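Because the structure is a prediction, the values reported are computed rather than measured. Sequence lines set the chain letters: A, B, ... in the order given, protein chains first and strands last, and positions in each chain run from 1.
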2 protein chains.
Amino acid sequence: MPSAPISPRKTPRQARARATVAAIEEAAAHILTHGGVDALTTNLVAARAGVSIGSLYQYFPTKEAILAELLRKLRREHLHDLERAAQQGGDDLRSTTTRMIRASIAHHTEAPELARALEAAESHLPLDAESEALKTQISAIWTATLSTHALPDPSQAAFDLAALTHGMVTRAVQAGERDWDNLAARVTRAALGYLHLCTQDDHQPTQQP
Amino acid sequence: MPSAPISPRKTPRQARARATVAAIEEAAAHILTHGGVDALTTNLVAARAGVSIGSLYQYFPTKEAILAELLRKLRREHLHDLERAAQQGGDDLRSTTTRMIRASIAHHTEAPELARALEAAESHLPLDAESEALKTQISAIWTATLSTHALPDPSQAAFDLAALTHGMVTRAVQAGERDWDNLAARVTRAALGYLHLCTQDDHQPTQQP
DNA sequence: TTCAAATGTGAGGAATTGCTCACATTATAG
DNA sequence: CTATAATGTGAGCAATTCCTCACATTTGAA
């Protein structure tokens, strides 16, 4: 039940302060990666960052603010990758969709556990303006891409494709899958099927459970 | 000296004890539905159930045991619905898949928030034997259904279809969607596309965001 | 009726944890 | 150099929460 606002308490002005903030974020990411949200306590973050708990609370007003910052970073990268995928190369729906799906998967490849933990935590976070804007933009890119082609409801299709991709990727990552090319091929097949662009020529990839 | 070994979880033998257990489960479901996992505290559950905290711990050794029991119930229903869907009616892949997807959606329709909260909590739970077995059986039904038809890797396809369905349904429920027929049509379209059974005749449903 | 087993009670122990605050140290402007 | 702002420290408060335990009450069989 998100309700309270989230904004950084103090902006670091000196180099050492920026280093402190960076250390805190790095420590939080490490803890999230290896222990999940339940392991993320402010005292532990401060300890692992080599910083006092007081310093942590000078830059992050609440524990959720740390999570929100990490989530913002992730979304920024995701948006950036999606924009590149949407613009580059041929503009036919099939290849563009394929590239955008690969971009969506890529945003999990670097640190799958971290991404999973952050996304699981998202529903408990009061999102700030930038995070909301990022979400809107990500959705808008999908909608825009699908709008350039004949589709009855691009907005609905964008929603569904994002959900479909997210669901398959999350489950695969959770199951320990790491063959991203294989995964991308399967997700693409479902997405193109949804769009009535069936890919008869595609080979069905082998199992990897 | 009667000092019988006390099992961590007592089995209720009298009617009032069964009523107590039922009240606890009902209270837990209510709290999960309206406040999510974070709101679920043992003291609150006991209070809402009109039962003392001590009574609660006579039948549930830990807080997680309550969650596990509710999850077991949900999975049992899901499995039951899936079995019915798999057996009944025509056995061509398209209609069977459609029925099974509808069954998977149905398992969210009765109490969407509860289902969402339980599934979110699942990854934090040490699953017991029955829950594991239920998961295996659910997966097996999908695999068996897909195996009766020409598919290169039924197990992989089962995994992907379940993930795809789960992802789309979860996101739709989260967005407040309640038009299950519309949702079922879209999920089915993606699933049949994945299976290379494109549904050209299907109408694309209207938006509902 | 009698009594042991089953069931119910709730105050509080013990542990965790988010966060504050009074104070120390370091950097920078004038 | 000095004064002020920026930064860093960590003991510990306050709140939460899981769960225990000593005891009370109810039930059912003999």
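- Sorted by first and then second residue, the ring pair (Phe, Tyr, Trp, His ring centres under 6.0 Å) pairs with a member in residues 123-145 of chain B form an empty list; sequence neighbours excluded.
- Between L161(B) and L195(B), the closest side-chain pair of non-hydrogen atoms falls below 4.5 Å.
- Contacts between residues 24-33 of chain B and DNA chain D, defined by a heavy-atom separation under 4.0 Å, are absent.
- Listed by first and then second residue, the ring pair (Phe, Tyr, Trp, His ring centres under 6.0 Å) pairs that reach into residues 68-88 of chain B are H78(B)-H107(B), sequence neighbours excluded.
- Looking only at side-chain heavy atoms (C-beta outward), R99(A) and R84(A) stay at 4.5 Å or farther from each other.
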Show me the protein contacts with nucleotides 25-30 of chain C, counting only N or O atoms at under 3.5 Å.
none

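- A 4.0 Å heavy-atom criterion places the boundary nucleotides of DNA chain D facing chain A at dA6(D) to dA11(D), written 5' to 3'.
- Scanning for side chain to side chain contact (heavy atoms under 4.5 Å, CB included) contacts around P112(B) gives V173(B), R178(B), W180(B), with sequence neighbours left out.
- Counting heavy-atom neighbours within 6.0 Å of Q137(A) CD, excluding the residue itself, gives a total above 12.
- Put simply, NZ on K63(A) is 17 Å from C1' on dT20(C), counting in whole angstrom units.
- Tested against E122(A), the residues L74(A), L71(A), L67(A) include a single side chain to side chain contact (heavy atoms under 4.5 Å, CB included) partner, L71(A).
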Walk me through it: do L118(B) and V37(B) pass the test side-chain contact (heavy atoms from CB on, under 4.5 Å)?
CA-CA 8 Å; L118(B) 283 176; V37(B) 253; over 6 Å; no
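- Using a 4.0 Å cutoff on non-hydrogen atoms, the parts of residues 39-53 of chain B near DNA chain D are L40(B), T41(B), T42(B), N43(B), I53(B), ordered by number.
- Judged as a side chain to side chain contact (heavy atoms under 4.5 Å, CB included), and not counting sequence neighbours, the contacts of S147(B) are T143(B), P154(B).
- Ranked by how close their nearest DNA chain D nucleotide is to the 5' end, G54(A) and G54(B) are led by G54(A).
- At whole-Å resolution of the value, CG in L56(A) and C1' in dT20(C) are 13 Å apart.
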Considering only distance and modelled atom types, tabulate donor-acceptor pairs under 3.5 Å from the side chains of residues 127-134 of chain B, sequence neighbours left out.
| from | atom 1 | to | atom 2 | distance (Å) |
| --- | --- | --- | --- | --- |
| D128(B) | OD1 | S131(B) | OG | 2.9 |
| D128(B) | OD2 | R72(B) | NE | 3.0 |
| E130(B) | OE1 | R76(B) | NH1 | 3.3 |
| E130(B) | OE2 | R76(B) | NH1 | 2.5 |

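- Evaluation of the side chain to side chain contact (heavy atoms under 4.5 Å, CB included) rule for A117(B) yields L32(B) as partners, not counting sequence neighbours.
- Applying the ring pair (Phe, Tyr, Trp, His ring centres under 6.0 Å) criterion to H34(A), with sequence neighbours excluded, gives H30(A).
- When the salt bridge (Lys or Arg N to Asp or Glu O under 4.0 Å) test is applied to E119(B), the partners found at least two apart in sequence or on another chain are R75(B).
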